[in-house]
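Report on the structure given below.
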Amino acid sequence: MAKKTVTITLSIEELLYELQDKTYHLSLGKGDARAADRIQNTHDEERLSLARRFLHTAIADAHAAISEFLPEGSVVNNNRLRPGGGDVVFSLTLPANYNDGATDGLTAAIHRYIVDRALGEWLAVTDDTQEARLPMAQASIDMAEVKRLLLTRKRPDRRPSVKPGGGGDDEESDHLWHRIVNWVRSRAW
């Protein structure tokens, strides 16, 4: 079966920014200033390291969840954080009939999964586990969307095996072609 490679690149800094933005907006809804500060405080070095760790855990979970689409023998494994940011690359091996139009949605769904998963872990540590359930549930929905998008395929093309004027060297094949066309027209709605 023919295969193709689809490469998805996500910026760690963009993922971190969205995580920080979501924690900021969540903290605005808190009535308690201390709770709001705990949720929002992703900027100091110690908390930033924790936020990055949660992002990398979510990235590892995403790799594991879509591992059947990763190329054979492509094992890169370490637990080092990328202090200056960098990119996360998902190089996926998909069937040749994969619908390339789904790639943007797939990229967005993987991005959402990583951020929601990291946000759920962040809230479980900084606020309470009740508040963390919503982003974790959303991350599960996001991963279901990732898997759905990985399975999208192009519709097959149907082409007649006999073409007028070029399908055969004699008049018999042209006559057969016209009979087929007339039969199909007579059955049309």
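The structure presented is a predicted model; accordingly, all values stated were derived computationally and were not measured.
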* **Residues which pass side chain to side chain donor-acceptor pair (under 3.5 Å) with K4, listed by chain and number, not counting sequence neighbours** =>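 Here the qualifying residues are D100.
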Would you mind writing out the side-chain donor-acceptor pairs for residues 137-146 within the sub-3.5 Å range, not counting sequence neighbours?
unit_1	atom_1	unit_2	atom_2	d
Q138	NE2	D142	OD1	3.1
S140	OG	M136	O	3.4
E145	OE1	R148	NE	3.1
E145	OE2	R148	NH2	2.8

What distance do [X] atom [atom1] and [Y] atom [atom2] have between them, rounded to the nearest 0.5 Å?
X: L19; Y: F54; atom1: CG; atom2: CZ; result: 9.5 Å
X: R153; Y: N97; atom1: CZ; atom2: CG; result: 5.5 Å
X: L123; Y: L26; atom1: CG; atom2: CG; result: 6.0 Å
X: F69; Y: K3; atom1: CZ; atom2: NZ; result: 9.0 Å

* State yes or no: do L151 and I66 share one hydrophobic cluster built from I, L, V, M, F, W and Y residues joined by side-chain heavy-atom distances below 4.5 Å, directly or via other members? =>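 Yes, it is one cluster - the side chains of L151 and I66 are joined through contacts under 4.5 Å.
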* Asked: Going hydrophobic residue to hydrophobic residue with side-chain gaps under 4.5 angstrom, can you get from Y17 over to L15?
  ->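 Result: no, two separate clusters.
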* **Residues which pass ring-ring contact (aromatic ring centres under 6.0 Å, His included) with H25, listed by chain and number, not counting sequence neighbours** =>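 With neighbours one apart ignored, the set is empty.
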* To do: With sequence neighbours excluded, tell me which residues meet ring-ring contact (aromatic ring centres under 6.0 Å, His included) with F90.
  =>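 Checked F90 against ring-ring contact (aromatic ring centres under 6.0 Å, His included); matches are H63.
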Is the closest side-chain heavy-atom distance between [X] and [Y] below 4.5 Å?
X: T5; Y: P71; answer: no
X: L106; Y: L92; answer: yes
X: L16; Y: L48; answer: yes
X: H56; Y: V88; answer: no

* Asked: Looking only at heavy atoms, which two atoms of Y98 and L149 are closest? And how far apart?
  ->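 For Y98 and L149, the tightest heavy-atom pair comes out as CE1-O, 3.2 Å.
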Report the residues that fulfil side-chain contact (heavy atoms from CB on, under 4.5 Å) with [X], sequence neighbours left out, ordered by chain and then residue number.
X: S67; answer: L70
X: L134; answer: none
X: D104; answer: none

Result block: side-chain N/O donor-acceptor pairs under 3.5 angstrom for residues 111-118, not counting sequence neighbours:
unit_1	atom_1	unit_2	atom_2	d
H111	NE2	E18	OE1	2.4
D116	OD1	K22	NZ	3.0
R117	NE	D61	OD2	3.4
R117	NE	E121	OE2	3.4
R117	NH2	D61	OD2	3.1

* Asked: Ion pair present between E13 and R52, side-chain N to carboxylate O less than 4.0 angstrom?
  ->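 So E13 pairs with R52 through a salt bridge.
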* To do: For D87 and V89, indicate whether the former's side chain and the latter's backbone hold a donor-acceptor pair under 3.5 Å.
  =>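 No; judged by distance alone, with no hydrogens or angles, the pair does not exist.
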